Amino acid sequence: QVQLVESGGGLVQTGGTLGLSCAASGSTASIYVMGWYRQAPGKQRELVAAITSGGTPNYGNSVKGRFTISRDNAKNTVYLQMNSLKPADTAVYYCAAASSLVRIYTDVRYWGQGTQVTVSS
């Protein structure tokens with residue numbers, strides 16, 4: 001089993017920046033991809049960004065150029081730096097981990113508890 005513990009999040013004004021981090025523990029050898037999903041009220045959960053153990057990032061179209069995902073394999077931690085935040089970025093952000101790039105999109109096995117990000121206009 002893998003446990004994911006998130007930190008960061010909070011309230012920020014439009015145009016501001018915020019950072020999230022997620023530390024994995026347990027059977028971390030089974031993790032190949034880590035990433036972040038978000039879910040706004042009344043909307044489906046969407047993939048924001050993901051990164052492989054080799055450092056290859058993937059971003060959702062709505063955050064490209066504004067968000068940066070990074071990973072420290074030694075610490076089993078993934079980070080999400082969010083710049084130029086918009087009210088549309090308001091959501092609960094969930095850390096996710098999977099054994100393959102396909103599964104991070106289709107069959108996430110491990111989830112964090114979620115952290116609220118609120119962007120005020």
Side-chain angles (χ1 to χ4, degrees):
Q1 284 286 37
V2 172
Q3 295 77 42
L4 303 174
V5 178
E6 300 139 342
S7 59
L11 175 64
V12 66
Q13 291 185 333
T14 297
T17 64
L18 212 54
L20 305 178
S21 62
C22 171
S25 62
S27 302
T28 56
S30 65
I31 299 173
Y32 175 63
V33 183
M34 296 184 73
W36 295 92
Y37 275 77
R38 68 186 181 187
Q39 186 167 22
K43 294 188 177 182
Q44 286 190 329
R45 194 172 292 191
E46 64 170 344
L47 181 66
V48 174
I51 187 167
T52 68
S53 59
T56 301
N58 291 267
Y59 295 99
N61 288 333
S62 62
V63 305
K64 283 180 181 178
R66 300 188 298 121
F67 290 11
T68 302
I69 190 169
S70 60
R71 180 171 174 172
D72 186 333
N73 290 329
K75 296 181 178 180
N76 293 311
T77 299
V78 64
Y79 306 93
L80 186 68
Q81 178 65 33
M82 302 181 290
N83 299 328
S84 302
L85 283 162
K86 308 173 182 179
D89 296 315
T90 296
V92 177
Y93 284 69
Y94 295 91
C95 182
S99 58
S100 71
L101 196 55
V102 170
R103 289 195 171 188
I104 199 71
Y105 285 93
T106 62
D107 183 26
V108 174
R109 183 173 180 181
Y110 303 111
W111 293 98
Q113 78 279 7
T115 186
Q116 178 70 44
V117 171
T118 302
V119 184
S120 63
S121 57

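All values derive from a computational prediction rather than experimental measurement.
- Here the CG-CD1 distance, from N58 to I51, works out to 9.0 Å after rounding to the nearest 0.5 Å.
- The shortest heavy-atom contact between Y59 and I69 is OH-N, 2.9 Å.
- Summarising the geometry, atom OG1 belonging to T52 is positioned 11.0 Å from atom CD1 belonging to I104; distances are rounded to the nearest 0.5 Å.
- Transitive grouping of hydrophobic side chains (ILVMFWY, heavy atoms separated by less than 4.5 Å) brings L80 and V12 into a common cluster.
- Counting only heavy atoms from C-beta outward, the side chains of S62 and R38 approach each other to under 4.5 Å.
- Summarising the geometry of R71 relative to Y32, their closest heavy-atom pair is NH1-O, 2.9 Å, with the distance given to 0.1 Å.
- Minimum heavy-atom separation, G8 to L20: C-CD2, 3.6 Å.
- By the criterion of side-chain heavy atoms lying less than 4.5 angstrom apart, applied directly or through intervening Ile, Leu, Val, Met, Phe, Trp or Tyr residues, W111 is grouped together with L101 in one hydrophobic cluster.
- With a 4.5 Å cut-off on side-chain heavy atoms, D72 and Y79 count as touching.
- The heavy-atom pair separating M34 from L4 by the smallest distance is CE-CD2, 4.1 Å.
- A continuous path of hydrophobic side-chain contacts links V78 to V2 [ILVMFWY only; heavy atoms under 4.5 Å].
- In this structure, the separation between NZ on K86 and OG on S121 is 14.0 Å, given to the nearest 0.5 Å.
- Between the SG atom of C22 and the CD atom of Q3 there is a distance of 11.0 Å, given to the nearest 0.5 Å.
- Side-chain N or O atoms of D89 include none that pairs as donor or acceptor with a backbone N or O of V117 at under 3.5 Å.
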### Task
Go through R45 and V108 one step at a time and tell me if the side chain to side chain contact (heavy atoms under 4.5 Å, CB included) criterion holds.
CA-CA 12 Å; R45 194 172 292 191; V108 174; over 6 Å; no
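- Panel note: side chain T90, backbone V119; a donor-acceptor pair is recorded below 3.5 Å.
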### Query
Does the side chain to side chain contact (heavy atoms under 4.5 Å, CB included) test come out yes or no for F67 and L85, once each step is laid out?
CA-CA 9 Å; F67 290 11; L85 283 162; 3.7 Å; yes
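- Residues T115 and G9 share a closest heavy-atom pair of OG1-CA, 4.0 Å.
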### side chain to side chain contact (heavy atoms under 4.5 Å, CB included) evaluation trace for C95 with W36
CA-CA 5 Å; C95 182; W36 295 92; 4.0 Å; yes
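- Here the closest non-hydrogen pair linking A24 and I31 is CB-CD1, 4.0 Å.
- The neighbour count for R66 CZ, taken as heavy atoms of other residues, nucleotides or ligands under 6.0 Å away, is above 12.
- Separation of atoms CD (E6) and OH (Y93) is listed at 12.5 Å; rounding is to 0.5 Å.
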### Message
Set out, in order, the CA-CA distance, both residues' side-chain angles and the distance that settles side chain to side chain donor-acceptor pair (under 3.5 Å) for S99 and S30, then state yes or no.
### Response
CA-CA 6 Å; S99 58; S30 65; over 6 Å; no
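- Annotation: the span from S27 atom OG to Q1 atom CD amounts to 7.5 Å, rounded to 0.5 Å.
- A single hydrophobic cluster is not seen to contain both L47 and M82; linkage of ILVMFWY side chains at heavy-atom distances under 4.5 Å, directly or through other members, places them apart.
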